[in-house]
Structure formats: structure tokens, C-alpha cells
> 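Below is one structure. I have some questions about it.
Quick note on labels: first sequence line is chain A, next is B, and so on, each numbered from 1.
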Protein chains: 2
Amino acid sequence: MSAAENQKLKQVLREHELKATTQRIALLKLLDATNEHFDAEEIYLELIKKQKNVSRATVYRSLEALVEQSLVARLDFGDGRMRFERSKGEDEHHDHLICEDCGKVIEFFNPEMEAQQLAVCEENDFTPSTHTMHIFGTCSDCKSVK
Amino acid sequence: MSAAENQKLKQVLREHELKATTQRIALLKLLDATNEHFDAEEIYLELIKKQKNVSRATVYRSLEALVEQSLVARLDFGDGRMRFERSKGEDEHHDHLICEDCGKVIEFFNPEMEAQQLAVCEENDFTPSTHTMHIFGTCSDCKSVK
DNA sequence: GTGTAGATGAGAATCATTCTTATTTTCCAT
DNA sequence: ATGGAAAATAAGAATGATTCTCATCTACAC
């Protein structure tokens, strides 16, 4: 169905010193094909639904390896489980607005905010590696319903 | 040892429509007396160490009630457990720099960053309630050791 | 094609947190 | 001060997400 895509993902994995297993390829392909923020269980169920032979343990282990290689980003919305999204690269960093009513996630990127973050780090002689900025509240749709 | 302090906390609890139980008073007193960011288990162990009769379940339930009343703030550093700190009030909001080496937490408050956050919310017709801004990295102490 | 380091599957184990139920406390009204 | 209803607690079972164990399997360098 997508031999070319498979080859590309295989190469991506190898470039990151990860063996190109069918499970990892399927997982990356799944995340590539969606804009949603799946949790591990959802990813597992989606792969099962697609007739992919995979176990929960492998989903968790693969995600861990992919996150370590920055091929996938781990998101913590504070509700007790981690979400994951395909990360295209450092340059595509973004933060999130999270609707507490419907769970919708709006992504945003604000250069000035990022600059302020760097300024704070400098003030404190702190070397940043990553950051999370999540704003919780009510989205426009849910607001109008009220 | 601190009858006056107990009375004050008792009053604070009642003002927030919470029954002033010995467990809740002890918990608040503990958080008042530290600048650390304890997790539920640490709070439980500290109270036990202080000869306070309390159960884990009560720690969790009390924290939930106190967070709901904004007497305590719940912090999520993304390591699988929630931390808690006494919140003196809305005006004392702050964000965190978290050292990935030693676990130290540096608090900061940057008005311009807060302003940017509000701007992003407006752009997206989003009504914010709370937010978390955590910057992970290496603190000056750990940097110099390397 | 082979060997081996690394990956996987299945389910047990773990860890933080929540729930259950019987008992105990708080605190309002007396 | 005292009785009682509503709320809170203790103890441990239950849950849900995640990690671990170990026997088996697979990718891939040779």
C-alpha cells in the first residue's frame, strides 16, 4: 500500500540508530497520518485495528525510544496519561491550549514567549533542554454552548 | 506548640467550607513550613513521622479538596506523580525551572510571559483558567560540576 | 545463510491514585 | 456540655497507566 513510505520510515529509524521493526514503522506511520494526540492505549488499539501484530509493552518501549530520538514528542496534559505526537523537528515546536470541557487541543507558537523563556533561563544561569507550556481553559465552541 | 497557628488554619479551612479536621490542619501546617514540592507519598510519610494519625487516602482526598479551594497548588513535573505546594493566593502564581540532573526547582515569575499567554488566548478566543509553564534543563550548580 | 545483539509478546509486577466500607469526627442545634 | 446527622477517616482492596521479566523471535552485519 505504501512501500515507498515504509522505506522512508525505515531509513529514518536507521538514521537514529533504531532497528527498523515492523512495529515501529507501523507506529510512526500511524502518528504521521493523524493530527490527534493519542495516548499509548489508543495507539495500541489503532494498531490492533489495522491488523498489526503488536503488544502494549512494545508500544510503550517503542514510544520511549522514539521520544528519546526526538522522532516523537511526549505531551503531558496532566490527566494521568501521556499523549504522543509525531515531531517533525526542533523547528516545529509548539505549545498547547487545552479545553477542559471538550478536551480539544489547540496548538500555538509564540516567538515572543519563547524569547521570554530564554531570558528567564539566562537570568537564572539555567541551560534549558525542553519545556512545556500548557494553558487550560474553555475553547470558543464550549464557551458559546454555555 | 502552635495553638494560635492551629486556630488560624482552622479558620482558613472553615472559610473555604471545609471541615477543620486534625489531618487537614496538619497537612496545611506541613506545607506552610516548607518550600519543597512534596508529592503525596512524601506528605504522608512526613505526617506519620510527626506522629500524625493519617492515612494515604486522606492525604489524597485532603489535597484534592485543598487544591479545589486554591489553598494548595498541584504541580505536574511530568515524572508520573503530582507535587503540591501551599498557594498563598492568585497573585503569587509562578512557573518553574526544573533541573533534570539534581531535581532542584527554581520558581520564577515573568510578567511579560504572562501577558503573552493572555494574548495567545485572545487570538484563539480561548478563556484560560490555569496554566503550567515548566522549563527543563540543567541548573548552574549541575552545569559547573560537569 | 548465520549468529547475535536487540526487539517482541504475554502477562506479571509496580507505582500512583481512587474507591469501598465500617468506624469516627466535626460541629450545629439543643 | 450533649446528641445526631453529615462529612471525614482508616485500612486495605481495586484501578489504571506504565514497566518489567523472560522465553522466543527478528533485523541486519558478516
Side-chain angles (χ1 to χ4, degrees), chain A residues 6-28 30 37-48 50-69 71-72 74-84 103, chain B residues 6-7 9-28 30 37-69 71-72 74-84 103:
Chain A
N6 280 14
Q7 280 308 312
K8 197 172 59 186
L9 290 176
K10 221 164 177 170
Q11 190 186 328
V12 169
L13 285 165
R14 287 180 181 154
E15 282 168 359
H16 290 267
E17 302 181 314
L18 296 174
K19 290 199 175 173
T21 66
T22 56
Q23 291 84 347
R24 289 172 178 172
I25 293 171
L27 202 165
L28 276 184
L30 173 65
H37 302 87
F38 287 133
D39 62 35
E41 182 69 11
E42 288 168 337
I43 290 170
Y44 169 69
L45 292 175
E46 284 294 320
L47 291 176
I48 292 295
K50 290 186 196 311
Q51 317 285 321
K52 304 293 181 183
N53 184 25
V54 71
S55 71
R56 257 177 270 259
T58 295
V59 169
Y60 279 99
R61 278 181 302 222
S62 298
L63 286 170
E64 184 184 21
L66 294 169
V67 167
E68 195 164 358
Q69 292 299 318
L71 291 172
V72 168
R74 189 197 310 258
L75 308 175
D76 184 351
F77 293 163
D79 63 346
R81 60 202 152 141
M82 294 297 192
R83 317 292 175 113
F84 299 88
Chain B
N6 281 14
Q7 280 309 313
L9 290 175
K10 220 164 178 170
Q11 190 185 327
V12 168
L13 284 165
R14 287 182 180 153
E15 283 169 358
H16 289 268
E17 302 181 313
L18 295 174
K19 291 200 173 173
T21 66
T22 56
Q23 290 84 347
R24 289 173 178 171
I25 292 170
L27 203 166
L28 275 184
L30 173 67
H37 302 87
F38 287 132
D39 62 35
E41 183 68 11
E42 288 167 337
I43 291 170
Y44 168 70
L45 292 175
E46 284 293 322
L47 292 177
I48 292 295
K49 196 192 294 176
K50 290 187 196 310
Q51 316 287 321
K52 303 296 181 184
N53 183 25
V54 71
S55 70
R56 260 178 266 262
T58 295
V59 170
Y60 279 100
R61 277 180 304 220
S62 297
L63 286 171
E64 183 184 22
L66 293 168
V67 167
E68 195 165 357
Q69 292 298 318
L71 291 173
V72 167
R74 188 197 311 258
L75 308 174
D76 183 353
F77 293 163
D79 63 347
R81 61 203 151 141
M82 294 298 192
R83 317 291 176 113
F84 299 88

> Is any side-chain nitrogen or oxygen of Ser62(A) closer than 4.0 Å to OP1 or OP2 of dA7(C)?
no
> Flag the pair Asp79(A) and Arg81(A) as a salt bridge only when some basic side-chain nitrogen lies within less than 4.0 angstrom of an acidic carboxylate oxygen.
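Salt bridge: yes.
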> Which heavy atom of Val54(B) sits nearest a heavy atom of Ile48(B), and at what distance?
O-CD1, 3.7 Å
> Could you please name the option among dA10(D), dA27(D), dC28(D) that lies closest to any side-chain atom of Val54(B)?
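Nucleotide nearest to Val54(B)'s side chain: dA10(D).
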> Could you work out which one of dG12(D), dC28(D), dG9(C) sits closest to the side chain of Ala57(A)?
dG9(C)
> How many Å lie between CZ on Arg56(A) and P on dA12(C), as a whole number?
13 Å
> How long is the line joining CZ of Arg81(A) and C1' of dT18(C), in whole Å?
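In whole Å, dT18(C) C1' and Arg81(A) CZ are 16 Å from each other.
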> What is the separation between atom CG on Leu18(A) and atom C1' on dA27(D), rounded to the nearest whole Å?
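From Leu18(A) CG to dA27(D) C1': 13 Å.
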> On DNA chain C, nearest-nucleotide positions of Ala40(B) versus Arg24(A): which is more 5'?
Arg24(A)
> How would you label the contact of Gln23(A) with the nucleic acid (heavy atoms, under 4.0 Å): base, sugar-phosphate, or nothing?
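Sugar-phosphate, backbone atoms only, no base.
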> Once you round it to whole Å, what is the distance between C1' of dT17(C) and CD of Glu42(B)?
15 Å
> Looking at dT17(C), I'd like to know if its phosphate oxygens (OP1 or OP2) sit under 4.0 Å from a side-chain N or O belonging to Tyr60(B).
yes
> In whole angstrom, give the distance that lies between atom CD of Glu41(B) and atom P of dT17(C).
9 Å
> What is the separation between atom CD on Gln7(A) and atom P on dC28(D), rounded to the nearest whole Å?
10 Å
> Quick one: Met82(A) CE to dT18(D) P, roughly how many Å, whole number?
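Result: 7 Å.
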> Can we say Glu46(B) and Lys49(B) salt-bridge, meaning some charged N sits less than 4.0 Å from an Asp/Glu carboxylate O?
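The answer is yes: the pair qualifies as a salt bridge.
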> Give the rounded distance in Å between these two atoms: NZ of Lys52(B) and P of dT25(C).
15 Å
> Contact class for Arg61(A) (heavy atom, under 4.0 Å): base, sugar-phosphate, or nothing?
base
> Which one, dA7(C), dC28(D), dT26(C), comes nearest to the side chain of Thr22(B)?
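The answer is dT26(C), which lies nearest to the side chain.
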> Choose from dA7(C), dT26(C), dG9(C) the nucleotide whose nearest atom is closest to any side-chain atom of Thr58(A).
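The nucleotide sitting nearest to the side chain is dG9(C).
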> Considering only NZ, NE, NH1 and NH2 on the basic side and carboxylate oxygens on the acidic side, decide whether Arg56(B) and Glu41(B) come within less than 4.0 Å.
yes
> Here's a test for you: under side chain to side chain contact (heavy atoms under 4.5 Å, CB included), which of Leu45(A), Asp39(A), Leu47(A) qualifies with Ile43(A)?
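Per the side chain to side chain contact (heavy atoms under 4.5 Å, CB included) rule, the option paired with Ile43(A) is Leu47(A), out of Leu45(A), Asp39(A), Leu47(A).
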> Over all strands shown, is Glu64(A) touching base, sugar-phosphate only, or nothing at heavy-atom distances under 4.0 angstrom?
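Nothing, no heavy atom under 4.0 Å.
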> Return no unless some side-chain N or O of Asn53(B) is found under 4.0 Å from OP1 or OP2 of dT9(D).
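Looking at the OP1 and OP2 atoms of dT9(D), neither is under 4.0 Å from any side-chain N or O of Asn53(B).
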